[in-house]
Amino acid sequence: MLPTKGYAAQSSTSPIAPFSFERREPGTHDVHLEISHCGVCHTDIHMSRDEWGGSLYPMVPGHEIIGTVKQVGSAVTKFVPGDRVGVGCFVDSCRTCPSCNEGLENYCENHFTGTYNSKTRDGKGLNFGGYSNQIVVDERFVLKVSDKIDPAAAAPLLCAGITTYSPLRHWKVGPGKKVGVVGLGGLGHMALKFAHSFGAHVVCFTTSEGKIADAKKLGADEVILSTSPEQMEGATGTFDFILDTVSANHDLNAYLSLLKRDGTMCLVGVPEVPAAVHAFSLVGGRKRLVGSLVGGLPETQEMLDYCAEHGIASDVELIPMGKINEAYARMLKNDVKYRFVIDMATL
Ligand code: NAP
Ligand code: ZN
Ligand code: ZN
């Protein structure tokens with residue numbers, strides 16, 4: 001077993017604190033990586049505080065992992081020691097269902113194995129995430145990350161990146177389309193970058209006046225302050241697609257009214273409390289309310305390669321491991337520009 005250092009939540013009310021544990025010895029198909037950086041996703045807060053129910057403790061959060069390969073099992077073909085690699089939101093899946101066979105492991109019909117807050121596939125132990133110095137993962141679930149991208153700025157691509165890239169691609173956001181991005185945090189800032197890069201007309205919706213100038217730099221053609229009823233009304237019926245990244249409760253009906261006929265609003269943010277959607281918000285205009293969950297392995301690799309080629313990465317604030325609880329508190333006040341990333345050298 002590999003003695004490992006990390007940070008964990010011991011219960012839904014305890015802070016994230018130092019925690020030692022053991023990882024498995026790398027098997028024949030495994031990659032053992034030394035973690036250099038881990039992004040801080042709002043999901044880490046939802047799960048460590050059990051906001052969605054069913055959380056498993058102790059919990060070592062973190063699913064935006066960047067590291068360097070230390071050793072590989074004898075059957076590993078994709079990686080060699082020294083490679084820069086990433087691990088995202090899941091570390092295993094059934095590998096046999098139709099979704100897995102299509103490279104949509106994120107929609108595995110027998111449930112993917114989350115990088116943390118999940119049981120190991122044999123049901124005997126818990127999986128621990130990226131707030132730690134090393135991890136062992138089957139090579140199928142490890143991604144190649146170009147040395148062209150700064151490793152700290154690459155970490156958020158493994159969740160915030162793919163979670164926004166995938167729906168923007170699936171619903172064909174591009175030239176001639178007017179696209180809204182709701183919420184300017186970790187996911188939101190990546191959505192602005194991708195939608196702009198894909199050639200769409202991009203509108204950012206924010207509750208934070210102090211983020212307006214940044215939104216434009218990140219790729220928004222226009223910014224709407226969602227707390228202004230006049231600004232919201234002025235946009236009625238004009239959007240082809242809206243991506244909602246908000247982590248807390250808010251009124252979806254207000255955004256559905258901004259869609260054109262046959263427009264689509266996609267939820268990626270998952271607030272604790274279910275939303276109330278009036279049927280009238282959808283029936284008048286034959287509108288669609290859809291959702292999307294991270295992305296499969298082939299598309300995650302495609303997104304990472306796209307970022308390397310187009311010079312896209314996250315805007316990060318690097319923090320030492322010991323500042324994680326402060327980072328959570330700041331995220332809950334919308335004070336994030338635009339992703340906290342933990343420097344694992346400080347662990
Ligand atoms: P984040 O960095 O904390 O950003 C969330 C943003 O939402 C805030 O910065 C804020 O932006 C806006 N917001 C917060 N409270 C709001 C409120 N009451 N009303 C309106 N806007 C509000 O969070 P994140 O890491 O991007 O994650 C966002 C959500 O996506 C979380 O629920 C997370 O669990 C979920 N998620 C889902 C997936 C998936 O696969 N579907 C993957 C990753 C994360 P402004 O300051 O601009 O208003
Ligand atoms: Zn995440
Ligand atoms: Zn499957």
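Order of listing sets the numbers, starting from 1, for every ligand and every atom in it. What you are looking at is a predicted structure, and each value in this text was computed from that prediction instead of being measured.
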Peer 1: Is the closest side-chain heavy-atom distance between I35 and S132 below 4.5 Å?
Peer 2: yes

Peer 1: Would one find an N or O of V268, backbone or side chain, under 3.5 Å from an N or O of ligand 1?
Peer 2: yes

Peer 1: In terms of atom number and element, which parts of ligand 1 are under 4.0 angstrom from non-hydrogen atoms of V294?
Peer 2: 39 (C), 40 (O)

Peer 1: Can you check whether G186 has an N/O within less than 3.5 Å of an N/O in ligand 1?
Peer 2: yes

Peer 1: Heavy-atom contacts under 4.0 Å between L332 and ligand 1: side chain, backbone, both, or neither?
Peer 2: neither

Peer 1: Is there a heavy atom of N249 sitting under 4.0 angstrom from any atom of ligand 1?
Peer 2: yes

Peer 1: Among all protein non-hydrogen atoms, which one is nearest to atom 5 (C) of ligand 1, and what is the separation to 0.1 Å?
Peer 2: S247 OG, 3.6 Å

Peer 1: Just wondering, is there an N, O or S atom on H63 that's nearer than 2.8 Å to the Zn ion (ligand 2)?
Peer 2: yes

Peer 1: Among all protein heavy atoms in this structure, tell me which lies nearest to atom 20 (C) of ligand 1, with the distance rounded to 0.1 Å.
Peer 2: T207 CG2, 3.5 Å

Peer 1: Side chains of F205 and Y255, heavy atoms from C-beta outward: is any pair under 4.5 Å?
Peer 2: yes

Peer 1: Could you give the distance from CG (L157) to CD1 (I66), rounded to the nearest 0.5 Å?
Peer 2: 7.0 Å

Peer 1: Under 4.0 Å, heavy-atom basis, I'd like to know which part of H42 is in contact with ligand 1: side chain, backbone, both or neither.
Peer 2: both

Peer 1: Show me which atoms of ligand 1 lie under 4.0 Å from any heavy atom of H46.
Peer 2: 31 (C), 32 (O), 33 (C), 34 (O)

Peer 1: Are more than 12 heavy atoms, taken from residues, nucleotides or ligands other than K5, located less than 6.0 Å from that residue's NZ atom?
Peer 2: no

Peer 1: Please state which protein non-hydrogen atom is closest to atom 39 (C) of ligand 1 and give its distance, to 0.1 Å?
Peer 2: T163 CG2, 3.4 Å

Peer 1: Counting both backbone and side chain atoms, is some N or O of S292 under 3.5 Å from an N or O of ligand 1?
Peer 2: yes

Peer 1: For atom 8 (C) of ligand 1, grab the closest protein heavy atom and report residue, atom and distance to one decimal in Å.
Peer 2: N334 OD1, 3.5 Å

Peer 1: So which protein heavy atom does atom 26 (O) of ligand 1 come closest to, and at what separation?
Peer 2: L187 N, 2.8 Å

Peer 1: Below the 3.5 angstrom mark, is there an N/O of T43, backbone or side chain, next to an N/O of ligand 1?
Peer 2: yes

Peer 1: Around atom NZ of K144, are there more than 12 heavy atoms from other residues, nucleotides or ligands closer than 6.0 Å?
Peer 2: yes

Peer 1: State which residue, out of R330, K337, K323, fulfils the side-chain hydrogen bond (donor to acceptor under 3.5 Å, both in side chains) condition with E317.
Peer 2: R330

Peer 1: Among side-chain atoms of H29 and E139, is any donor-acceptor pair under 3.5 angstrom?
Peer 2: no

Peer 1: How far apart are the closest heavy atoms of V341 and P156, and which atoms are they?
Peer 2: CG2-CG, 3.7 Å

Peer 1: Can you list the ligand 1 atoms lying under 4.0 Å from a non-hydrogen atom of S208?
Peer 2: 45 (P), 46 (O)

Peer 1: What angle, to the nearest 10°, do the atoms SG (C100) and SG (C108) form about the Zn ion (ligand 3)?
Peer 2: 100°

Peer 1: Does atom NE2 of H196 have more than 12 heavy-atom neighbours from other groups under 6.0 Å away?
Peer 2: no

Peer 1: If you measure only the distance, is there a donor-acceptor pair under 3.5 Å linking the side chains of Y57 and N117?
Peer 2: no

Peer 1: Hey, looking at atom 29 (C) of ligand 1, which of T245, V181, V223, D44 has the closest heavy atom?
Peer 2: T245

Peer 1: Is any side-chain heavy atom of L218 closer than 4.5 Å to one of L184?
Peer 2: yes

Peer 1: Taking the non-hydrogen atoms of C41, is any one of them nearer than 4.0 angstrom to ligand 1?
Peer 2: yes

Peer 1: Please confirm if an N, O or S atom belonging to C94, backbone or side chain, lies less than 2.8 Å from the Zn ion (ligand 3).
Peer 2: yes

Peer 1: Check each atom of ligand 1 against the heavy atoms of G185 and keep those under 4.0 Å away; list them by number with element.
Peer 2: 2 (O), 4 (O), 9 (O)

Peer 1: Does V137 belong to the same Ile/Leu/Val/Met/Phe/Trp/Tyr cluster as F21, with side-chain heavy atoms less than 4.5 Å apart forming each link?
Peer 2: yes

Peer 1: Answer with yes or no after comparing the ring centroid distance for F128 and F19 against a 6.0 Å cut-off, counting only values under it.
Peer 2: yes

Peer 1: Between F112 and F90, is the ring centroid distance below 6.0 Å?
Peer 2: yes

Peer 1: Do you see an N/O/S atom of C41, backbone or side chain, under 2.8 Å from the Zn ion (ligand 2)?
Peer 2: yes

Peer 1: Tell me the protein heavy atom at minimum distance from atom 45 (P) of ligand 1, and give that distance in Å.
Peer 2: T206 OG1, 3.3 Å

Peer 1: Measure the distance from atom 15 (N) of ligand 1 to every protein heavy atom, then report the residue, atom name and distance (to 0.1 Å) of the closest one.
Peer 2: A248 CB, 3.5 Å

Peer 1: Which one of E51, E209, R339, K211 has a non-hydrogen atom at the shortest distance from atom 9 (O) of ligand 1?
Peer 2: K211

Peer 1: Need the ligand 1 atom indices (1-based, order shown) with element for anything under 4.0 Å from a heavy-atom of C159.
Peer 2: 42 (C), 43 (C)

Peer 1: Working to the nearest 0.5 angstrom, can you tell me the gap between L267 CG and L289 CG?
Peer 2: 4.5 Å

Peer 1: V246 to ligand 1: N or O pair under 3.5 Å?
Peer 2: no

Peer 1: So for ligand 1, is V40 a polar contact partner (N or O within less than 3.5 Å, distance only)?
Peer 2: no

Peer 1: Below 6.0 angstrom between ring centroids: does that apply to F198 and Y165?
Peer 2: yes

Peer 1: Taking the side chain as every heavy atom from C-beta outward, state whether M344 and M321 have any atom pair closer than 4.5 Å.
Peer 2: yes

Peer 1: Do any nitrogen or oxygen atoms of V270 lie less than 3.5 angstrom from nitrogen or oxygen atoms of ligand 1?
Peer 2: yes

Peer 1: Determine whether any heavy atom of W52 lies closer than 4.0 Å to an atom of ligand 1.
Peer 2: yes

Peer 1: Distance under 4.0 Å to a non-hydrogen atom of G269: what atoms of ligand 1 satisfy this?
Peer 2: 29 (C), 30 (O), 32 (O), 35 (C)

Peer 1: Assess whether atom NZ of K119 is packed by more than 12 heavy atoms of other residues, nucleotides or ligands within 6.0 Å.
Peer 2: no

Peer 1: What residue and heavy atom of the protein are closest to atom 12 (C) of ligand 1, and at what distance?
Peer 2: G183 CA, 4.0 Å

